[in-house]
Protein chains: 2
Amino acid sequence: MNKQNSIAKCETTVIHDDVIDRVKEEMPAAEQMYDLSELFKSLGDQTRLKILFALSKNRMCVCDIAALLDMSQSAISHQLRVLRNVRLVKFQKEGKVVYYTLDDDHVNEIFKQGLNHVRHR
Amino acid sequence: MNKQNSIAKCETTVIHDDVIDRVKEEMPAAEQMYDLSELFKSLGDQTRLKILFALSKNRMCVCDIAALLDMSQSAISHQLRVLRNVRLVKFQKEGKVVYYTLDDDHVNEIFKQGLNHVRHR
DNA sequence: TAAACATATGAATATATATTCATATGTTTA
DNA sequence: TAAACATATGAATATATATTCATATGTTTA
């Protein structure tokens with residue numbers, strides 16, 4: 001009841017119906033929005049950012065990354081899975097060692113833009 | 001004890017000490033990493049992405065956005081605060097209405113790169 | 001000035017997620 | 001083949017966060 005009221009109230013006092021209609025049509029498909037949010041979500045964590053930054057310099061095995069970041073092997077492995085899921089990293093097995101690398105160069109571009117924004121205030 | 005053991009074990013079996021040392025030096029400052037992760041974190045949510053996308057098309061007031069996304073005014077207001085905190089949006093008051101706009105063009109660039117990645121598989 | 005209104009915000013709640021712990025899996029080597 | 005090892009992963013836990021609800025704040029208008 002409270003919810004209904006406030007929505008009704010809001011709808012009647014909307015300032016620009018025309019803008020809302022137009023923007024609604026231009027809004028990207030729900031699935032793309034979802035994928036995009038998953039991608040940025042995966043970038044929104046210091047541990048994963050550090051992993052990606054490290055991999056942008058060199059391929060590294062799980063144990064290397066754990067040592068670099070002073071974190072447990074398990075924690076790194078879990079985070080690498082997140083990065084794999086959004087295709088930010090890929091890996092090659094060499095014996096029992098698994099080497100991770102960046103999947104493509106988009107990451108570096110996104111990084112660059114992000115740093116631009118952060119530095120620019 | 002378990003933790004100590006596993007870290008010690010890992011350190012002795014690290015594959016590339018040289019790489020680790022070098023990458024450690026090249027790692028961006030902790031504060032930049034933090035800011036960057038906060039920026040991407042703010043992009044890692046569908047509601048906020050939709051808000052940003054909408055604002056890239058037109059300035060809109062809070063009530064417009066709530067109507068567009070079919071969400072409560074409060075929810076939108078809370079999310080706008082997150083976006084303000086990372087300087088992705090700014091606002092102008094006109095009477096009792098508050099119009100929000102994108103703070104700069106970086107967002108659009110980051111968006112574009114993100115969509116490239118998502119579409120490219 | 002009082003009422004109407006747009007927005008902001010604190011507290012509560014539900015949900016998502018990062019890390020740990022224990023252990024499974026698969027490969028190499030003695 | 002058994003032991004050593006690198007990595008992956010499920011369950012548990014602690015913490016972060018999105019939304020709701022109630023209400024405060026500040027502006028306009030009757």
Side-chain angles (χ1 to χ4, degrees), chain A residues 1-16 34 37-38 40-51 59-67 69-86 89-100, chain B residues 1-16 34 37-38 40-51 59-67 69-86 89-100:
Chain A
M1 169 217 151
N2 248 309
K3 194 186 169 189
Q4 290 302 334
N5 276 357
S6 61
I7 285 185
K9 194 189 291 176
C10 209
E11 272 167 5
T12 58
T13 52
V14 152
I15 314 293
H16 295 107
Y34 176 80
S37 73
E38 288 302 302
F40 288 130
K41 204 171 290 180
S42 76
L43 294 171
D45 175 87
Q46 290 200 65
T47 298
R48 288 190 295 266
L49 277 187
K50 286 174 188 166
I51 292 174
R59 78 170 191 170
M60 292 180 105
C61 71
V62 179
C63 200
D64 284 340
I65 301 172
L69 303 185
D70 194 23
M71 290 178 65
S72 74
Q73 175 271 321
S74 179
I76 298 300
S77 200
H78 277 293
Q79 296 297 18
L80 284 168
R81 182 157 56 127
V82 174
L83 294 173
R84 266 186 273 127
N85 285 343
V86 291
V89 301
K90 59 187 177 188
F91 61 93
Q92 303 165 286
K93 284 186 106 170
E94 291 189 10
K96 49 189 171 180
V97 178
V98 178
Y99 288 98
Y100 279 84
Chain B
M1 168 218 154
N2 249 308
K3 195 187 170 190
Q4 291 302 336
N5 276 356
S6 60
I7 285 185
K9 195 190 291 177
C10 210
E11 271 167 6
T12 58
T13 52
V14 151
I15 313 294
H16 295 106
Y34 177 79
S37 74
E38 288 302 301
F40 287 131
K41 204 172 288 179
S42 75
L43 294 171
D45 174 88
Q46 290 201 66
T47 298
R48 288 191 295 265
L49 276 187
K50 286 175 189 165
I51 293 174
R59 77 169 192 171
M60 293 179 104
C61 71
V62 179
C63 201
D64 285 340
I65 300 172
L69 302 186
D70 193 24
M71 289 178 67
S72 74
Q73 174 271 322
S74 180
I76 300 299
S77 200
H78 277 293
Q79 296 297 18
L80 283 169
R81 182 156 56 126
V82 174
L83 295 173
R84 265 185 276 127
N85 284 343
V86 290
V89 302
K90 59 186 176 188
F91 62 92
Q92 304 166 286
K93 285 186 107 170
E94 291 188 11
K96 48 189 172 182
V97 179
V98 178
Y99 289 99
Y100 279 84

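To find a chain, count down the sequence lines: A is the first, B the second, and so on, and within it residues start at 1. Worth saying up front: this structure is predicted, and the values here are computed from it rather than measured.
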**Prompt:** Could a donor-acceptor pair under 3.5 angstrom be found where the side chain of A:S77 meets the base of D:dT9?
**Reply:** no

For nucleotides 15-19 of chain D, list the nitrogen or oxygen atoms of the protein found under 3.5 Å from its nitrogen or oxygen atoms, one pair per line.
| unit_1 | atom_1 | unit_2 | atom_2 | d |
| --- | --- | --- | --- | --- |
| D:dA18 | OP1 | B:R48 | NH1 | 3.4 |
| D:dA18 | OP1 | B:R48 | NH2 | 3.0 |
| D:dA18 | OP2 | B:R48 | NH1 | 2.9 |
| D:dT19 | OP1 | B:T47 | OG1 | 3.1 |
| D:dT19 | OP2 | B:Q79 | NE2 | 2.6 |

**Asked** Partners of A:R81 by side-chain contact (heavy atoms from CB on, under 4.5 Å), sequence neighbours excluded?
**Response** A:H78, A:R84, A:N85

**Request:** Measure the spacing between CD1 of A:I51 and CG of A:L83 and express it to the nearest 0.5 Å.
**Result:** 5.5 Å

**Prompt:** So, is A:Y100 near the phosphate of D:dA8, with a side-chain N or O under 4.0 Å from OP1 or OP2?
**Reply:** yes

**Request:** For DNA chain C, produce a single dot-bracket line, 5' to 3'. Pairs: Watson-Crick or G-U wobble, both distances under 3.5 Å. Symbols: ( ) within strand, [ ] crossing, | other strand, . unpaired.
**Result:** ||||||||||||||||||||||||||||||

**Prompt:** Looking at B:V98 and B:K93, what are the two nearest heavy atoms and their distance?
**Reply:** CG2-CG, 3.9 Å

**For A:K41, all residues meeting salt bridge (charged side-chain N to carboxylate O under 4.0 Å, His left out), sequence neighbours excluded** = A:E38

**Message:** Let me spell it out: for each of A:E94 and B:F91, pick the nucleotide of DNA chain C with the closest heavy atom. Which residue's pick is nearer the 5' end?
**Reply:** B:F91

**Prompt:** Hey, what do you get for CD (B:Q92) to OH (B:Y99), rounding to the nearest 0.5 Å?
**Reply:** 9.5 Å

**Prompt:** Among all residues two or more places apart in sequence or in another chain, which pass the salt bridge (charged side-chain N to carboxylate O under 4.0 Å, His left out) test with A:R48?
**Reply:** none

**Prompt:** Is any side-chain heavy atom of A:S37 closer than 4.5 Å to a side-chain heavy atom of B:L49?
**Reply:** yes

**Item:** For B:F91, ring-ring contact (aromatic ring centres under 6.0 Å, His included) partners two or more places apart
**Value:** B:Y100

**Message:** My understanding is that only residues two or more places apart in sequence, or in another chain, count here; which of them pass side-chain contact (heavy atoms from CB on, under 4.5 Å) with B:S77?
**Reply:** B:Q73

**Message:** Taking side-chain contact (heavy atoms from CB on, under 4.5 Å) as the definition, give me every residue that meets it alongside B:K90, ordered by chain and number, with sequence neighbours left out.
**Reply:** B:T101, B:D103

**Item:** Listed nucleotide nearest any side-chain atom of B:V98, set D:dA6, C:dT7, C:dC21
**Value:** C:dT7

**Request:** For residues A:I76 and A:Q79, determine if any side-chain heavy atom of one lies less than 4.5 Å from a side-chain heavy atom of the other.
**Result:** no

**Request:** Can you tell me the distance, in whole Å, between the CZ atom of A:R81 and the C1' atom of C:dT20?
**Result:** 15 Å

**Asked** Can you check the B:Q92 CD to D:dT27 C1' distance for me, whole Å?
**Response** 17 Å

**Message:** Heavy atoms from C-beta onward define the side chain here; which of D:dA8, D:dA6, C:dG10 lies closest to that of A:V97?
**Reply:** D:dA6

**Prompt:** Could you state the OH-P distance from A:Y99 to D:dA8, rounded to the nearest angstrom?
**Reply:** 13 Å

N/O-N/O pairs, protein side and nucleotides 2-4 of chain C side, under 3.5 Å:
none

**Message:** Distance check needed: C:dG26 P versus A:K93 NZ, whole Å only.
**Reply:** 8 Å

**Message:** How many whole angstroms separate atom CZ of A:R59 from atom P of D:dT7?
**Reply:** 12 Å

